[in-house]
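These notes are about the structure you will find just below.
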Amino acid sequence: MNQNWHGTLIRHMLLLVTGCLLVGLISGYYGWSLAIGLGLYLGWTLKQLLRLHEWLRQHTPDEAPPDGYGLWGEVFDSIYHLQRRDQRVRGRLQAVIDRVQESTAALKDAVIMLDSDGNLEWWNRAAETLLGLKTPQDSGQPVTNLVRHPRFKEYFEQDNFEEALEIPSPTNDRVRIQLYLTRYGNNEHLMLVRDVTRIHQLEQMRKDFVANVSHELRTPLTVICGYLETLLDNVEEVNPRWSRALQQMQQQGSRMQTLLNDLLLLAKLEATDYPSDNHPVAVQSLLQTIKNDAQALSGERGQHITLEADPSVLLKGSEGELRSAFSNLVFNAVKYTQDKGTIRIRWWADHQGAHLSVQDSGIGIDSKHLPRLTERFYRVDSSRNSNTGGTGLGLAIVKHVLLRHRARLEISSVLGHGSTFTCHFAPTQVSRSQAIAAEE
Ligand code: ADP
């Protein structure tokens, strides 16, 4: 109520009282006329209040308020203007929300909002095509019930969303999708899903190409190497000037064969997510044979190789793949450790899982190379490789095998003082041999 209305109200009341007193003066009933006058005023006020209540209860958004007199008219108009202003603000907000929803709906990528427990809250149209979500039935459902790929469940539960996850779409096996999860607000999740079928196809073409070329080259190379071997077996019949050339050709030939074998192995590892077999592997005896091979490889260089392995700790996975990975690490240690150096192989388990470490007192690696070491054909020093006959694929193979066995590789090294390569396996991959543990 502003100052104006305050004065008017007082004036009205004074007028009413004066009128009543005048009637009282004429009629001689002061009390009655004052009571009747004030009663009438109260009745009128109550009527206005009822009209206001009626209008507030039943009016349509744009319906004007009832005509009011005096202060009541002012009250009706103020409420009406407040309501209109509120409507306009809400309309503007709704328009903004509509625009945001329209633009996200038009996105080719799926956007899904999940609550802190991973239940679906909101999603756009692309989510219906890429993930097969149904509006509105799926609202409030746990996302892991709708995207049922085992790797998605693992990814969602592991809580580390640094890297995206690539899986086939639940609606169509031929569509490949990439999922990114981010946390926001009160531990809610925002999930973005992209169709990466084309990139996946190109990647697949690259892998197929490398695999096919390696495969096709293998046969001619075997023939060439075979003939070279025959020629070298009968070296006395060959012109002596050719014998050194033949030896070098055989050396390079067998290097190419190792390279092709490694490329084929990598292609095989990339073809599937997990190893086909998942039996408990007796790592201790596997390491024992690798150690013997390493000793043979070391030969006259006299390196001191030791093995400390817990025979009761078994590892679920593919024996063949684990053999390639572990032997790559141990043979690298032999290759990159000077004569009479030491190499220590250890296999143990604790509450964090199982661990294999290969420690050497060799030449070591500068820390700047460590992040890129597992890349294909990455070489610390290209001149080193020609001496050791390495392919540059060994650690890439190790990385892939470990990925498939839910493990990670840790490399620590000091230039000139040796290196330690440690494979950390998740506790779910470890299985204990009861018989051996009981014997101990
Ligand atoms: P390569 O077949 O050349 O050995 P890898 O992928 O196995 O290829 O290794 C990549 C590079 O990492 C090697 O060229 C070598 O320089 C370095 N490296 C690997 N293992 C060791 C080690 N134990 N000590 C020092 N350097 C190593």
Side-chain angles (χ1 to χ4, degrees), residues 207 210 214 217 221 251-270 287 290-291 293-299 301-308 320-347 355-405 407-424:
K207 286 178 194 167
V210 175
S214 315
L217 282 177
L221 197 62
Q251 238 175 33
Q252 295 303 325
S254 68
R255 210 176 143 202
M256 272 170 83
Q257 270 177 326
T258 338
L259 186 65
L260 288 184
N261 287 340
D262 279 359
L263 278 173
L264 277 170
L265 178 61
L266 258 178
K268 209 178 100 201
L269 292 175
E270 279 181 334
L287 290 175
I290 294 175
K291 184 200 154 190
D293 294 347
Q295 204 76 67
L297 180 71
S298 171
R301 298 177 60 202
Q303 287 146 327
H304 182 59
I305 307 174
T306 59
L307 169 67
E308 299 147 48
E321 289 181 18
L322 292 171
R323 184 189 298 276
S324 315
F326 296 168
S327 53
N328 262 313
L329 291 179
V330 177
F331 296 166
N332 270 354
V334 174
K335 282 192 284 182
Y336 301 110
T337 299
Q338 62 279 47
D339 299 357
K340 309 265 181 286
T342 54
I343 295 158
R344 186 177 176 211
I345 310 164
R346 284 190 307 143
W347 169 245
H355 317 268
L356 170 96
S357 99
V358 181
Q359 187 180 4
D360 64 56
S361 62
I363 53 175
I365 308 155
D366 194 337
S367 59
K368 72 171 186 234
H369 297 293
L370 296 184
R372 299 195 55 194
L373 218 54
T374 53
E375 281 174 26
R376 279 153 214 234
F377 300 113
Y378 186 80
R379 270 141 195 199
V380 170
D381 172 2
S382 50
S383 63
R384 264 192 208 174
N385 278 71
S386 42
N387 298 339
T388 58
T391 59
L393 291 173
L395 290 180
I397 292 175
V398 173
K399 185 177 125 183
H400 271 278
V401 170
L402 293 189
L403 264 181
R404 288 157 64 83
H405 288 79
R408 63 186 173 84
L409 180 67
E410 183 193 330
I411 310 171
S412 63
S413 185
V414 180
L415 196 60
H417 288 91
S419 326
T420 308
F421 289 74
T422 317
C423 313
H424 300 286

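All ligand and atom numbering here is 1-based and tracks the order in the structure.
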Quiz item: Residues two or more places apart in sequence or in another chain: which of them pass side-chain contact (heavy atoms from CB on, under 4.5 Å) with Val210?
Solution: Ser214, Leu263

Exercise. Could you tell me which residues satisfy side-chain contact (heavy atoms from CB on, under 4.5 Å) with Arg301, sequence neighbours excluded, listed by chain and number?
Key: Ser298, Gln303, Val334, Asp339

Quiz item: Which option out of Phe377, Tyr336, Phe331 puts a heavy atom nearest to atom 18 (N) of ligand 1?
Solution: Tyr336

Practice problem: With atom 17 (C) of ligand 1 as the reference point, say which of Thr420, Val334, Thr374, Val380 has the nearest heavy atom. | Solution: Val380

Quiz item: Applying a strict 4.0 Å limit to heavy atoms, is Ser419 in contact with ligand 1?
Solution: yes

Quiz prompt | Close approach of Thr391 to ligand 1, heavy atoms, under 4.0 angstrom | solution = yes

So if I count the atoms of ligand 1 from 1 in the order they appear, which ones are less than 4.0 Å from some heavy atom of [X]?
X      : result
Lys335 : 2 (O), 4 (O)
Gly392 : 1 (P), 2 (O), 3 (O), 6 (O), 8 (O)
Leu395 : 5 (P), 6 (O), 7 (O), 9 (O), 10 (C), 12 (O), 19 (C)
Phe421 : 20 (N), 21 (C), 22 (C), 23 (N)

Exercise. Show your working on salt bridge (Lys or Arg N to Asp or Glu O under 4.0 Å) between Lys399 and Glu410 and close with a plain yes or no.
Key: CA-CA 10 Å; Lys399 185 177 125 183; Glu410 183 193 330; over 6 Å; no

Exercise. Start with the C-alpha gap between Glu321 and His405, add the side-chain angles, then the distance that decides, and say whether side-chain contact (heavy atoms from CB on, under 4.5 Å) holds.
Key: CA-CA 10 Å; Glu321 289 181 18; His405 288 79; 3.4 Å; yes

If only atom types and distance count, is the side chain of [X] paired as donor or acceptor with the main-chain N or O of [Y] below 3.5 Å?
X      : Y      : result
Ser413 : Ile365 : yes
Arg379 : Thr391 : yes
Arg404 : Leu269 : yes
Asp360 : Ser419 : yes

Do any N/O atoms on [X] end up under 3.5 angstrom from N/O atoms on ligand 1?
X      : value
Leu373 : no
Asn332 : yes
Asp360 : yes

Quiz item: Heavy atom under 4.0 Å from ligand 1: found in His369's side chain, backbone, both, or neither?
Solution: neither

